[in-house]
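Quick caveat: nothing in here was measured; it's all calculated off a predicted structure. FYI, the numbering just counts along the sequence from 1.
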Amino acid sequence: ALPYDLSGVRMVISAGGTREALDPVRYLGNHSSGKQGYALARAASQRGARVTLVSGATSDPGEPASVEIVHVDSAREMQSEMTTRAADADVVIMAAAVADFRPTAVAGAKIKKGDDGPSPIHLDTNPDILAGLVADRAQGRIPRSTVIVGFAAETGDADGGVLDHGRAKLRRKGCDLLVVNAVGGGKAFGTEDNTGWLLTADGRETGLPFGSKTLMASRILDEVAALVPDGQVP
Ligand code: C5P
């Protein structure tokens, strides 16, 4: 039986990839399937959490039952939804693959081929949503007790510096828990299986077995449940 240990916990989870418009018909995007974030939403809901899923573009991750879903396109839309909803969340999980850059201008009409061949695409930097949530919490716009979870996709293995990169990213982003995914060689993006480590701000490091995103989700939620302050869970 599933533990019912997240009963009443308000959770906001982002999933999928953002799309950054170039013109009315084109965008810059990524291969995120959304499966890990959707698996988290499903598992959290089954464990009693009240879940809102802020979803970018996905490829058929399946609709989780009893979860509120908000669809967004761009990183800035996702930031706006996450920031508003984080203000009354106990747990915020950034599982989305957010585009780091967006086209500087969105053309009002479809860009034509033209006679001079291709023209360059100019990019601006998108906001770091996760770092912004941590900053909002530090400034009191999000409750101090809200648990903030980030993801990191790193190539390589434990000896190849994945853990070191993960530790550095955990410090840099300032979140409470970082899920480090070992990627490359067909792992993680778009696949069913995932592997990696869970790193907490207070120095706990747990290896994740290679397995399904559902299994990953349940391990991640075990760690989240341990981080939710006592007394918050009814
Ligand atoms: O720095 P990096 O992109 O590896 O960090 C990944 C983590 O940061 C993920 O949790 C992702 O959802 C989040 N992120 C974000 N905003 C961005 C880029 C990444 O919130 N612009």
Requested in this report: Take Tyr27 and Asp73 through the test side-chain contact (heavy atoms from CB on, under 4.5 Å) and record every step on the way to the result.
Outcome: CA-CA 10 Å; Tyr27 58 83; Asp73 275 316; over 6 Å; no
Query raised in the report: How close do Gln36 and Ala217 get, heavy atom to heavy atom, and via which atoms?
Result: NE2-N, 3.7 Å
Query raised in the report: What is the distance from atom CD1 of Ile142 to atom CZ of Arg85, rounded to the nearest 0.5 Å?
Result: 13.5 Å
Report task. Kindly indicate whether the side chain of Thr125, heavy atoms from C-beta on, has any atom under 4.5 Å from the side chain of Asp100. Result -> no
Report summary line: So CD1 of Ile129 and OG1 of Thr83: to nearest 0.5 Å the spacing works out to 7.5 Å
Query - Check: Ser59 main-chain N/O paired with Ser33 side-chain donor or acceptor under 3.5 Å - result: no
Query raised in the report: Would you say Met94 and Leu133 make side-chain contact, with heavy atoms under 4.5 Å?
Result: yes
Query raised in the report: At what distance, to the nearest 0.5 angstrom, does CD1 of Ile93 lie from CG of Leu40?
Result: 5.0 Å
Query raised in the report: What's the spacing between Thr200 OG1 and Leu178 CG if we round to 0.5 Å?
Result: 10.5 Å
Query raised in the report: Under 4.5 Å between any side-chain heavy atoms of Val224 and Met11, yes or no?
Result: yes
Query raised in the report: Would you call Lys173 and Asp128 a salt bridge, using N to O less than 4.0 angstrom?
Result: yes
Query raised in the report: Tell me, do Glu77 and Glu81 make a side-chain contact under 4.5 Å, heavy atoms counted?
Result: no
Requested in this report: Test side-chain contact (heavy atoms from CB on, under 4.5 Å) on Val162 and Val180 and set out the steps.
Outcome: CA-CA 8 Å; Val162 175; Val180 180; 3.6 Å; yes
Report task. Would you mind reporting whether Pro127 and Arg102 have side-chain heavy atoms less than 4.5 Å apart? Result -> yes
Query - Closest heavy-atom pair and its distance - Asp60, Lys35 - result: O-CE, 4.5 Å
Report summary line: Output for pair (Ser55 OG, Tyr38 OH), nearest 0.5 Å, gives 2.5 Å
Requested in this report: Give a yes or no on whether a salt bridge exists between Arg47 and Asp5, defined as a side-chain N under 4.0 angstrom from a carboxylate O.
Outcome: yes
Query - Side chains of Leu53 and Glu68 in contact at under 4.5 Å (non-hydrogen atoms) - result: no
Query raised in the report: Do you know which two heavy atoms are closest between Ala65 and Ser45, and how far apart they sit?
Result: O-OG, 3.5 Å
Query - Joint hydrophobic cluster, Leu198 plus Val149, side-chain heavy atoms closer than 4.5 Å - result: yes
Query - Hphob cluster co-occupancy, Phe151 + Val147, side-chain heavy atoms under 4.5 angstrom - result: yes
Report task. Answer yes or no: is there an ion pair linking Arg137 with Asp176, defined by an N-O contact shorter than 4.0 Å? Result -> yes
Requested in this report: State whether the side chain of Arg144 and the backbone N or O of Ala138 hold a donor-acceptor pair below 3.5 Å, judged by distance alone.
Outcome: yes
Report task. Look at Lys110 together with Asp23 and state whether they make a salt bridge at an N to O cut-off of under 4.0 Å. Result -> no
Query raised in the report: Is there a path of hydrophobic side-chain contacts, each under 4.5 Å between heavy atoms of I, L, V, M, F, W or Y residues, that connects Val51 with Ile220?
Result: yes
Requested in this report: Using a 4.5 Å cut-off on heavy atoms from C-beta on, say whether the side chain of Val91 contacts that of Thr146.
Outcome: no
**Report entry** Leu170 vs Cys175, side-chain contact (heavy atoms from CB on, under 4.5 Å): CA-CA, chis, key distance, verdict
**Finding:** CA-CA 6 Å; Leu170 178 69; Cys175 51; 4.0 Å; yes
Query - Polar side-chain atom of Arg19 near backbone of Val72 as donor-acceptor pair, under 3.5 Å - result: no
Query raised in the report: Do Asn30 side-chain atoms and Ala97 backbone N/O form a donor-acceptor pair below 3.5 Å?
Result: yes
Query raised in the report: So, Glu20 and Ser74: side-chain donor and acceptor under 3.5 Å apart, yes or no?
Result: no
Query raised in the report: Ile121 versus Phe101: any side-chain heavy-atom pair under 4.5 Å?
Result: no
Requested in this report: Give the cluster check for Leu227 versus Ile13: same hydrophobic cluster or not, with ILVMFWY residues linked at side-chain heavy-atom distances below 4.5 Å.
Outcome: yes
**Report entry** Heavy-atom closest pair, residues Pro209 and Arg219
**Finding:** CD-NH1, 3.3 Å
Query raised in the report: Should Val67 and Val54 be counted in the same cluster of Ile, Leu, Val, Met, Phe, Trp and Tyr side chains packed under 4.5 Å apart?
Result: no
**Report entry** Separation between NZ of Lys169 and NE2 of His165, rounded to the nearest 0.5 Å
**Finding:** 8.5 Å
Requested in this report: Would you name the heavy atoms of Gly150 and Leu130 that are closest together and state the gap between them?
Outcome: CA-CD2, 3.7 Å
**Report entry** Nearest atoms (heavy-atom pairs only) where Pro103 meets Leu22
**Finding:** CG-CD2, 3.7 Å
Query raised in the report: Near Arg50 CZ, under 6.0 Å, is it more than 12 heavy atoms from other residues, nucleotides or ligands?
Result: no
**Report entry** Residue Arg167 excluded, over 12 heavy atoms near CZ under 6.0 Å
**Finding:** yes
Query raised in the report: Sub-3.5 Å donor-acceptor pair from the side chain of Thr52 to the main-chain atoms of Val12, do we have one?
Result: no
